[in-house]
Protein chains: 2
Amino acid sequence: MPTKTYHIGVEATMEIIGGKWKSIILCHLRHHTMRTGELSRAIPQISQKMLTQQLRELEAANIVSRHVFHQVPPKVEYALTDYGESLSGILHELCVWGEDNIDRRQADGEAITLLSRDDI
Amino acid sequence: MPTKTYHIGVEATMEIIGGKWKSIILCHLRHHTMRTGELSRAIPQISQKMLTQQLRELEAANIVSRHVFHQVPPKVEYALTDYGESLSGILHELCVWGEDNIDRRQADGEAITLLSRDDI
DNA sequence: GTTGATGGTTACTTTTTGGTAAGTAGGGCA
DNA sequence: TGCCCTACTTACCAAAAAGTAACCATCAAC
């Protein structure tokens, strides 16, 4: 098997939290365990397909855990793993920096809105 | 003009530092001003086209400054702006977390290498 | 026995992103 | 005269990521 080569640490991080959805999902899970439906309500723009796909990839990277309750109708809960929690500080800063960025651009006259500034 | 809407701060951050190259470029610029050629030697996998394209986008977001020396052959230097410096802490953490992630995966038996651990 | 709730998969299409290769500029220099 | 250097641009193509829409399973309630 060919050896995977990184040139700088951030490459590996971005492979895990990069993409359009993963960091958003993680920012929500940072606060509490969530069910599939809760996540898709919290991220209304995401499709079912993308949501489960990204959750599977985060699970494979050991960032997120998946807990299936064998019930009908089904119930599945997602949470950060202990290792995933090690990203919590970074995720928080990414949220806060983004909020500040949006503020600046608004002050600059850009037509831009941030719907929820729920990051504590 | 339609108002751009974000649902959570991290969306805005990722729009700026996301993608395959931007965070890598920024991690290099974090240490010092660099010329175009230095950057492409530091990031050997990137193509000319991607390098200048990403630098232009970072410049447009006021994260990176571009200083042209009117010489022949041309000389252009890139640096973080003051605002770009506000990302420095995050970039550092992204590098460190990635280095740790690679260590774990190596310890886990994955065939994986990190070429330079130059993040201080 | 039809409907609804939840979580999920699949095939297919579109959009976005990235890669390659070639070309530009203009003075230096042999 | 013609080639080098550096930073960049452009046209074109390939690959990856994301969107759409339809479908599945299960059991409970009506």
Side-chain angles (χ1 to χ4, degrees), chain A residues 2 4-8 10-26 28-29 33-61 64-79, chain B residues 2 4-8 10-12 14-26 28-29 32-61 64-79:
Chain A
K4 176 140 206 179
T5 300
Y6 295 96
H7 294 254
I8 189 171
V10 71
E11 276 181 88
T13 308
M14 281 309 187
E15 220 171 79
I16 290 174
I17 68 165
K20 190 167 174 181
W21 301 114
K22 295 211 184 100
S23 57
I24 299 176
I25 292 171
L26 291 174
H28 285 287
L29 288 180
T33 288
M34 289 175 90
R35 293 186 58 177
T36 313
E38 280 185 278
L39 275 168
S40 58
R41 263 171 272 119
I43 313 172
Q45 332 98 275
I46 202 174
S47 65
Q48 257 280 14
K49 174 194 156 191
M50 279 295 114
L51 181 58
T52 50
Q53 184 181 109
Q54 305 299 300
L55 284 167
R56 292 290 176 284
E57 291 176 20
L58 290 168
E59 205 191 343
V64 156
S65 66
R66 179 167 184 263
H67 185 182
V68 181
F69 295 80
H70 294 283
Q71 304 177 351
V72 169
K75 173 177 173 180
V76 178
E77 282 188 350
Y78 293 94
Chain B
K4 175 141 205 178
T5 301
Y6 294 97
H7 293 254
I8 189 171
V10 71
E11 275 182 88
M14 281 309 185
E15 219 171 79
I16 290 175
I17 68 165
K20 190 168 174 181
W21 302 115
K22 295 208 183 101
S23 57
I24 299 177
I25 293 171
L26 292 174
H28 285 287
L29 288 180
H32 36 73
T33 288
M34 290 174 90
R35 293 186 58 177
T36 314
E38 280 185 278
L39 274 169
S40 58
R41 264 171 272 119
I43 313 171
Q45 332 95 276
I46 202 174
S47 65
Q48 257 278 16
K49 174 192 155 191
M50 278 297 114
L51 180 58
T52 48
Q53 185 181 107
Q54 304 300 299
L55 284 166
R56 291 291 175 284
E57 290 176 21
L58 290 168
E59 205 191 342
V64 156
S65 66
R66 177 166 184 263
H67 184 182
V68 180
F69 295 81
H70 293 282
Q71 304 177 349
V72 169
K75 172 176 171 181
V76 180
E77 281 188 350
Y78 293 95

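Order of the sequence lines sets the chain letters (A, B, ...), proteins ahead of strands, with each chain counted from 1. All figures in this text were calculated on a predicted structure; none of them were measured in a lab.
- A/Ile24 has its CD1 atom 13 Å from the C1' atom of D/dA18, to the nearest Å.
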Determine, for nucleotides 5-19 of chain C in 5'-to-3' order, which nucleotides have protein heavy atoms under 4.0 Å from the base (write B), from only the sugar-phosphate (write S), or from neither (write -). BBBBBBB------BB
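- Shown here are the side chain to side chain contact (heavy atoms under 4.5 Å, CB included) partners of A/Lys75, two or more places apart in sequence or in another chain: A/Arg35, A/Phe69, A/Gln71, A/Glu77.
- As a whole-Å value, the separation of B/Glu77 CD from D/dT6 P is 15 Å.
- The main-chain N or O of B/Ile8 is found under 3.5 Å from a side-chain atom of B/Glu11 such that the two form a donor-acceptor pair.
- The separation between B/Leu51 atom CG and D/dA7 atom P is 10 Å, rounded to whole Å.
- In this structure, the side chains of B/Met34 and B/Leu29 come closer than 4.5 Å at one or more pairs of heavy atoms.
- As a whole-Å value, the separation of A/Met14 CE from D/dA17 C1' is 17 Å.
- As a whole-Å value, the separation of A/His70 NE2 from D/dA25 P is 18 Å.
- In this structure the side chain of A/Arg66 never reaches within 4.5 angstrom of the side chain of A/Leu55, judged on heavy atoms.
- Looking at heavy atoms from C-beta onward, B/Ile17 lies in side-chain contact with A/Met14 at the 4.5 angstrom threshold.
- Residues satisfying the side chain to side chain contact (heavy atoms under 4.5 Å, CB included) test with B/Glu15, not counting sequence neighbours, are A/Arg105, B/Lys4, B/Tyr6.
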